[in-house]
Peer 1: 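Questions regarding the structure given below will be posed in turn.
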Protein chains: 2
Amino acid sequence: MSTNSKSLKSTRQEPGVSGLRMTNQRALILEIIRQRRGHLDADEVYRQARQKQPRLSLSTVYRNLQTLKKLGFIEELHFNEEHHHYEIRLATEHHHLACLGCGRIIEFQYPLARLIKRNVAEAKDFEVIDTELRMTGYCTECHQEGK
Amino acid sequence: MSTNSKSLKSTRQEPGVSGLRMTNQRALILEIIRQRRGHLDADEVYRQARQKQPRLSLSTVYRNLQTLKKLGFIEELHFNEEHHHYEIRLATEHHHLACLGCGRIIEFQYPLARLIKRNVAEAKDFEVIDTELRMTGYCTECHQEGK
DNA sequence: TTCTTTATTGCTAATGCTTCTCACTACCGA
DNA sequence: TCGGTAGTGAGAAGCATTAGCAATAAAGAA
Ligand SMILES: [Mn+2]
Ligand SMILES: [Mn+2]
Ligand SMILES: [Zn+2]
Ligand SMILES: [Zn+2]
């Protein structure tokens, strides 16, 4: 039993309650998203994962991204593209600034969820599970050359 | 010249500066998004539009959605689906609560952009063009039956 | 350990949404 | 009225994601 899968297994919630199993593929995918600090898309996860498990299939990546998302381990990000990105879900809430010029993603922390929950969700009796804020525009290096 | 296309033309910014033309198709698509208060996707716009212009093609819808977005007339929304929705861009900023149960989209107003610009974007020297906030969860009628 | 059950995988094909290509139109300024 | 060119329609192509299914392999029971 490798150190990796061990640490992953111990992280898992509800070991067998929901009938889920911790496969090597699932552990690897989660580990990759946990270690890389970027915002990976399915294909990037796939390519990384195949370096360790060459027989892994892309379907398995997609399936596990869905599963890990539902379990709350990872978050799915919707930038201005037609495919999605994924990142590990951490304790501290953060959001994104997406540059239209260079494509860079800048992160920032702001306790938005709490704020909106108090001011809006509560009034509308809406139970918030997830929050996503993204601002699009131009970063320092890109807003010289205008729009 | 119909009343519709007239009002659209007068709304248009920079009449011919950028080389853009106001075609019937473009006017119709914008008009549909302007009138419906929902969050239409490309196919819904297409179906609506074909009632008035049966020969309109889906390509034209997609092309014009992109154009109208770039011109700032409409906004592209990214819910938790893999296709996009569009709505007219109004003066007052608003955001969305998306229910995982019934799919309903609840709108609310909150001066987020101003807030974040002052507190974050300014510090990071990021020029904000667009803001999108979406919270996912369960609406009143759906959070009875738990998750 | 061995056995059983069934969640999960790897392939492949299929789907869904969006973009591209290209010949043909039609808008608009001169 | 004319010419240059943005825009259109139709279909094909491109990607991202999902579905179907026989074969594996977790995880709990014995
Ligand atoms: Mn992030
Ligand atoms: Mn809206
Ligand atoms: Zn940039
Ligand atoms: Zn609901």
Side-chain angles (χ1 to χ4, degrees), chain A residues 1-2 4-6 8-10 12-30 39-47 49-50 52-71 74 76-86, chain B residues 1-2 5-6 8-10 12-30 39-47 49-50 52-71 73-74 76-86:
Chain A
M1 187 184 293
S2 76
N4 274 344
S5 68
K6 186 166 187 295
L8 284 164
K9 285 184 184 180
S10 63
R12 167 169 61 121
Q13 302 166 329
E14 324 287 291
V17 170
S18 48
L20 290 175
R21 295 171 185 179
M22 180 50 68
T23 61
N24 293 327
Q25 291 89 332
R26 181 165 294 163
L28 176 59
I29 288 166
L30 178 54
H39 307 94
L40 297 82
D41 60 32
D43 198 62
E44 287 165 337
V45 172
Y46 178 55
R47 289 203 305 270
R50 283 180 67 116
K52 287 224 172 175
Q53 292 186 24
R55 310 229 25 216
L56 183 96
S57 107
L58 184 55
S59 294
T60 297
V61 171
Y62 275 107
R63 272 188 299 242
N64 277 296
L65 289 173
Q66 284 309 113
T67 302
L68 293 170
K69 179 174 77 166
K70 274 177 198 134
L71 289 175
I74 65 175
E76 186 178 78
L77 304 175
H78 306 83
F79 295 143
N80 293 310
E81 306 168 293
E82 54 288 333
H83 66 282
H84 305 154
H85 291 249
Y86 299 86
Chain B
M1 186 185 296
S2 76
S5 69
K6 187 166 187 296
L8 284 165
K9 285 183 186 184
S10 62
R12 168 168 61 122
Q13 302 167 329
E14 322 289 292
V17 171
S18 48
L20 290 175
R21 296 171 184 176
M22 180 51 68
T23 61
N24 293 327
Q25 292 89 333
R26 182 166 294 164
L28 176 59
I29 289 166
L30 179 54
H39 306 94
L40 297 82
D41 59 32
D43 197 62
E44 287 165 337
V45 172
Y46 178 55
R47 291 201 305 269
R50 283 181 67 117
K52 287 225 171 173
Q53 293 185 22
R55 310 226 28 213
L56 182 95
S57 109
L58 183 56
S59 296
T60 297
V61 171
Y62 274 107
R63 270 187 301 243
N64 277 296
L65 289 174
Q66 285 309 113
T67 302
L68 293 170
K69 179 174 75 165
K70 274 176 200 136
L71 288 176
F73 284 113
I74 64 176
E76 185 177 78
L77 304 175
H78 306 83
F79 296 143
N80 293 310
E81 306 169 293
E82 52 292 328
H83 66 282
H84 304 154
H85 291 249
Y86 299 85

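Letters A, B, ... are given to chains in the order of the sequence lines, protein chains preceding strands, and every chain is numbered from 1. Excluded from the calculations below are hydrogen atoms, water molecules and symmetry mates; all remaining heavy atoms, backbone and side chain alike, are included.
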Peer 1: Nearest 0.5 angstrom please: Gln66(A) CD to Leu71(A) CG, how far?
Peer 2: 11.0 Å
Peer 1: When the distance from CG of Leu28(B) to P of dG7(D) is rounded to whole Å, what number comes out?
Peer 2: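 So the two atoms are 16 Å apart, to the nearest Å.
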Peer 1: Drop me the distance from Leu65(A)'s CG to Ile74(A)'s CD1, to the nearest 0.5 angstrom.
Peer 2: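 CD1 of Ile74(A) is found 5.0 Å from CG of Leu65(A).
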Peer 1: Write down the distance between CG (Leu65(A)) and C1' (dA16(D)), rounded to a whole number of angstrom.
Peer 2: 12 Å
Peer 1: Under a 4.5 Å cut-off applied to non-hydrogen side-chain atoms, are Asp41(B) and Tyr86(B) in contact?
Peer 2: no
Peer 1: Round to the nearest Å and state the distance from Glu81(B) atom CD to dA16(D) atom C1'.
Peer 2: 15 Å
Peer 1: Just the rounded figure in Å: distance from C1' of dG4(D) to CG of Leu20(B).
Peer 2: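 To the nearest whole Å, that distance equals 16 Å.
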Peer 1: Between Thr23(B) and Thr23(A), which is nearer to the 5' end of DNA chain C once each is assigned its nearest nucleotide?
Peer 2: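 The residue mapped nearer the 5' terminus is Thr23(A).
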Peer 1: Measure from CG on Asn64(A) to P on dA26(D) and round the result to the nearest Å.
Peer 2: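 It is 13 Å, rounded to the nearest whole Å.
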Peer 1: Take nucleotides 10-19 of chain C nucleotide by nucleotide from the 5' end and write B, S or -, depending on whether a protein heavy atom sits under 4.0 Å from the base, only from the sugar-phosphate, or from neither.
Peer 2: BBB----SBB
Peer 1: When the aromatic ring centroids of His85(A) and Phe79(A) are compared, is their separation below 6.0 Å?
Peer 2: yes
Peer 1: Could you state the atom-to-atom distance from CE of Met22(B) to P of dG7(D) in whole Å?
Peer 2: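 It is 10 Å, rounded to the nearest whole Å.
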Peer 1: What is the distance from CZ of Arg26(B) to P of dA26(C), rounded to the nearest Å?
Peer 2: 16 Å
Peer 1: Please check the phosphate of dT9(C) (OP1 and OP2 only) for any side-chain N or O of Asn24(A) closer than 4.0 Å.
Peer 2: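 No, outside the criterion.
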Peer 1: Enter the distance from Arg55(A):CZ to Gln25(A):CD here, rounded to the nearest 0.5 Å.
Peer 2: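 Result: 10.5 Å between the selected atoms.
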Peer 1: Decide yes or no on side chain to side chain donor-acceptor pair (under 3.5 Å) for Thr60(B) and Arg63(B), but give the supporting numbers first.
Peer 2: CA-CA 5 Å; Thr60(B) 297; Arg63(B) 270 187 301 243; 3.0 Å; yes
